[in-house]
Amino acid sequence: MSPRPVFADLEVGQELPAQTFVVTRETLIRYAGASGDFNVIHWSQRHALEVGLPDVIAHGNLTMALGARYLTQWAGDPGALSEYGVRFTKPVVVPDTDAGTTVEITGKILELDGDSRVRIDLTVTSEGQKVLTQARAWVHLS
Amino acid sequence: MPLDTGFIGRVYPATQPYVVSRAKIAEFADAAGDDSPAYRDVEAAAALGYPDVIAPPTFATIVTLEAAYAVVHDPALGLDWTRVVHGDQRFVYDRPLRAGDEITVVVTVESIRSMAGNDMIVLRGDVATVQGEHAVTSYTLLVARSAEDSA
């Protein structure tokens with residue numbers, strides 16, 4: 001794990017390192033079981049096509065969970081989030097291949113407050129499309 | 001037909017208690033590919049100041065989404081579930097959930113709006129322990145697309 005960020009060293013406008021997350025059909029099956037969200041569009045191509053989707057899509061909350069993973073790994077503390085929200089704008093399409101697809105995440109520091117809290121906006125894309133927008137968090141650095 | 005705005009402010013009864021387990025936390029972290037030791041190792045969690053392994057930030061969806069579904073399936077609300085998509089999700093944390101927490105969700109209808117034939121409903125889910133300690137609040141925007149759009 002990289003060293004934990006020191007609040008006093010951070011600056012507004014600073015970019016956080018980009019990370020790439022692989023999402024395969026297996027990821028979706030695991031997430032369905034873990035979350036209890038068994039909506040068929042996340043595992044059945046037949047059902048996904050029936051409702052007009054290009055293929056099986058990832059759970060929005062899984063993509064959101066990857067964003068949380070990105071933020072908490074940067075913070076070095078999985079309990080550091082004081083607020084985290086996203087808008088589900090476009091689906092993450094997951095083909096039935098070994099490689100699956102990828103989700104790319106970058107972050108930028110937008111604000112620092114007097115309580116050691118950092119506001120970070122995320123850019124979350126898959127296949128060049130923004131899949132989450134208004135992905136914002138407040139991270140508390142102790 | 002637009003949703004009945006009389007539902008705004010309605011508070012639903014608390015869900016049945018859900019016990020957060022170490023095994024479920026590890027399963028959820030595995031599913032998101034997150035290898036943080038604070039999700040699996042009590043000592044690693046203790047080093048960060050937590051009394052037991054903590055749950056990943058979006059773990060609360062396990063209980064809040066189910067609680068939200070129960071509300072949108074309320075026949076009195078009249079929402080066509082087949083046209084509903086999850087628009088936004090936001091969490092505000094007092095503290096991370098952790099193994100051993102026995103939690104319930106109280107859902108409140110925060111707002112109902114209609115825009116261009118789409119019904120938009122925001123459900124707030126307050127997640128607290130059965131002892132009354134508040135842990136996280138979930139805000140879920142559900143959008144029921146107009147019947148014309150989905151054709």
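This one's a predicted model, so the numbers in the text were calculated from it and none came from an experiment. Residue numbers begin at 1 in each chain, while the letters A, B, ... track the order of the sequences.
- Shown here for B/Ala32 and A/Leu62, the closest heavy-atom pair between the two residues is CA-CD1, 4.5 Å.
- Between A/Gln73 and B/Asp35 there is a side-chain heavy-atom pair separated by less than 4.5 Å.
- By the rule that hydrophobic residues join a cluster once side-chain heavy atoms approach within less than 4.5 Å of another member, A/Trp74 and A/Val12 end up as members of one cluster.
- Across A/Phe88, A/Tyr31, A/Phe21, the residue that shares the most heavy-atom pairs under 4.5 angstrom with chain B is A/Phe88.
- With chain A as the partner, the residue from B/Ala29, B/Gly33, B/Pro96 showing the most heavy-atom pairs under 4.5 Å is B/Gly33.
- The closest donor-acceptor contact from the side chain of A/Arg87 to the backbone of B/Gly87 lies at 3.5 Å or more, if one exists at all.
- No more than 12 heavy atoms of other residues, nucleotides or ligands lie within 6.0 Å of NZ in A/Lys90, so this atom counts as exposed by the packing criterion.
- For B/Arg40, the CZ atom is densely surrounded, since the number of other residues' heavy atoms within 6.0 Å is greater than 12.
- In this structure, the separation between CG on A/Asn61 and OG1 on B/Thr140 is 8.0 Å, given to the nearest 0.5 Å.
- Residues A/Leu141 and B/Leu48 share a hydrophobic cluster, clusters being chains of Ile/Leu/Val/Met/Phe/Trp/Tyr side chains in contact below 4.5 Å.
- Heavy-atom distances place the side chain of B/Tyr50, and not its backbone, under 4.5 Å from chain A.
- Counting non-hydrogen atoms of neighbouring residues, nucleotides and ligands closer than 6.0 angstrom, the CZ atom of B/Arg113 reaches no more than 12 such neighbours.
- If you tally non-hydrogen atom pairs under 4.5 Å between each of A/Leu28, A/Val86, A/Thr27 and chain B, the highest count goes to A/Val86.
- Under the 4.5 Å side-chain heavy-atom criterion for ILVMFWY residues, no single connected hydrophobic cluster contains both A/Val94 and A/Ile41.
- Heavy-atom contacts from other residues, nucleotides or ligands closer than 6.0 Å to CG of A/Asp98 number 12 or fewer.
- Around atom CD of A/Gln19, more than 12 heavy atoms belonging to other residues, nucleotides or ligands sit under 6.0 Å away.
- When all heavy atoms of B/Thr58 and A/Ala65 are compared, the closest pair comes out as OG1-CB, 3.4 Å.
- For the options B/Gln89, B/Glu27, B/Arg95, heavy-atom pairs under 4.5 Å to chain A are most numerous at B/Gln89.
- With rounding to the nearest 0.5 angstrom, the CG atom of B/Asp94 is 10.0 Å from the OG atom of A/Ser82.
- Checking A/Gln134, A/Glu83, A/Met64, A/Arg136 one by one against B/Arg90, the side-chain contact (heavy atoms from CB on, under 4.5 Å) holds for a single residue, A/Glu83.
- A/Tyr84 and A/Leu110 are assigned to two separate hydrophobic clusters, defined by single-linkage of ILVMFWY side chains at heavy-atom distances under 4.5 Å.
- Residue B/Val136 is not grouped with residue B/Val106 when hydrophobic side chains (ILVMFWY) are merged at heavy-atom distances under 4.5 angstrom, including chains of intermediate members.
- Proximity to chain A (any heavy atom under 4.5 Å) is restricted, for B/Tyr69, to the side chain, taken from C-beta onward.
- Counting heavy atoms from C-beta on, the side chains of B/Ser36 and A/Thr72 never come closer than 4.5 Å.
- Heavy atoms closer than 4.5 Å to chain B are found in the side chain of A/Leu66, but not in its backbone.
- With a 4.5 Å cut-off on non-hydrogen atoms, B/Ile54 touches chain A through its side chain but not through its backbone.
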